[in-house]
Novice: 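Encoded as structure tokens, here's the structure I'll be asking about.
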Amino acid sequence: MSTVIEQAVQARLVASAPQMESVPITLRYDREDPFAVRMAFPPPATLEGNEVSWAFSRELLAAGIDAPAGVGDVRVRPYGYDRTVVEFHASEGVAMVHVRTSDLRRFLRRVQGMVPDGREHLYLDLDHNLAELLRDAC
């Protein structure tokens, strides 16, 4: 059984101009990093022209679908009936994308099926992670 879930979705990139550009993004979840989800943006959607991936809490994504969540670099909130806004705050500025809430819910259901909420700790390989930290420290 695969330990990774990837789901391509369309998002609307909100810019300072009134027009919103549609961009394909990839949602990713890896059971080996059970508390995090990733959202990857293709090179044409980034300032540097390189793929950019943001990692943030799966709990934040789930909470932000129903009510505003987050106070740090990533914030998530509902927008209307069928959209969710994900804001990414960086020193370069703020990027904001609108994603269909139904796409996010489907992704989170798949994640939940792989690693149920509250069971994430069972998928952590603490011995391996500690060995990696100690190896990198030397």
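Please read all numbers here as calculations on a predicted model, not as lab measurements.
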Novice: Rounded to the nearest 0.5 Å, how far does CE of Met114 lie from CZ of Arg31?
Specialist: 5.5 Å
Novice: Could you list the donor-acceptor pairs under 3.5 angstrom formed between side-chain atoms of residues 63-76 and any protein atom two or more places apart in sequence or on another chain?
Specialist:
{"residue": "Asp66", "atom": "OD1", "partner": "Arg105", "partner atom": "NH2", "Å": "2.9"}
{"residue": "Arg75", "atom": "NE", "partner": "Gly72", "partner atom": "O", "Å": "3.1"}
{"residue": "Arg75", "atom": "NH2", "partner": "Val71", "partner atom": "O", "Å": "3.4"}

Novice: Is it the case that Gln10 and Ser22 place a side-chain donor and acceptor less than 3.5 Å from each other?
Specialist: yes
Novice: Quick one: CG on Leu108 to OH on Tyr29, what's the gap to the nearest 0.5 Å?
Specialist: 10.0 Å
Novice: Can you label the angle between the Phe56 ring and the Phe88 ring as parallel, tilted or perpendicular, going by 30° and 60°?
Specialist: perpendicular
Novice: Okay, side chain of Gln7, backbone of Asp103: is any donor-acceptor separation there less than 3.5 Å?
Specialist: yes
Novice: How many angstroms lie between atom CZ of Arg100 and atom CZ of Arg106, to the nearest 0.5 angstrom?
Specialist: 9.0 Å
Novice: Could you check whether any side-chain heavy atom of Arg110 comes within less than 4.5 Å of a side-chain heavy atom of Glu6, counting everything from C-beta outward?
Specialist: no
Novice: What I'd like to find out is whether the side chain of Val9 reaches to under 4.5 Å of the side chain of Leu104, using heavy atoms alone.
Specialist: no
Novice: Could you state the interatomic distance from NE2 (His89) to CE (Met96), rounded to the nearest 0.5 Å?
Specialist: 7.0 Å
Novice: Output the distance between atom CG (Asp117) and atom CZ (Arg58), rounded to the nearest 0.5 Å.
Specialist: 4.5 Å
Novice: Could you list the donor-acceptor pairs under 3.5 angstrom formed by side chains in residues 34-43, with sequence neighbours left out?
Specialist:
{"residue": "Arg38", "atom": "NH1", "partner": "Asp33", "partner atom": "OD2", "Å": "3.2"}
{"residue": "Arg38", "atom": "NH2", "partner": "Asp33", "partner atom": "OD2", "Å": "3.1"}

Novice: Strictly distance-based, threshold 3.5 Å: is any side-chain N or O of Thr84 a donor or acceptor partner for the main-chain N or O of Pro78?
Specialist: no
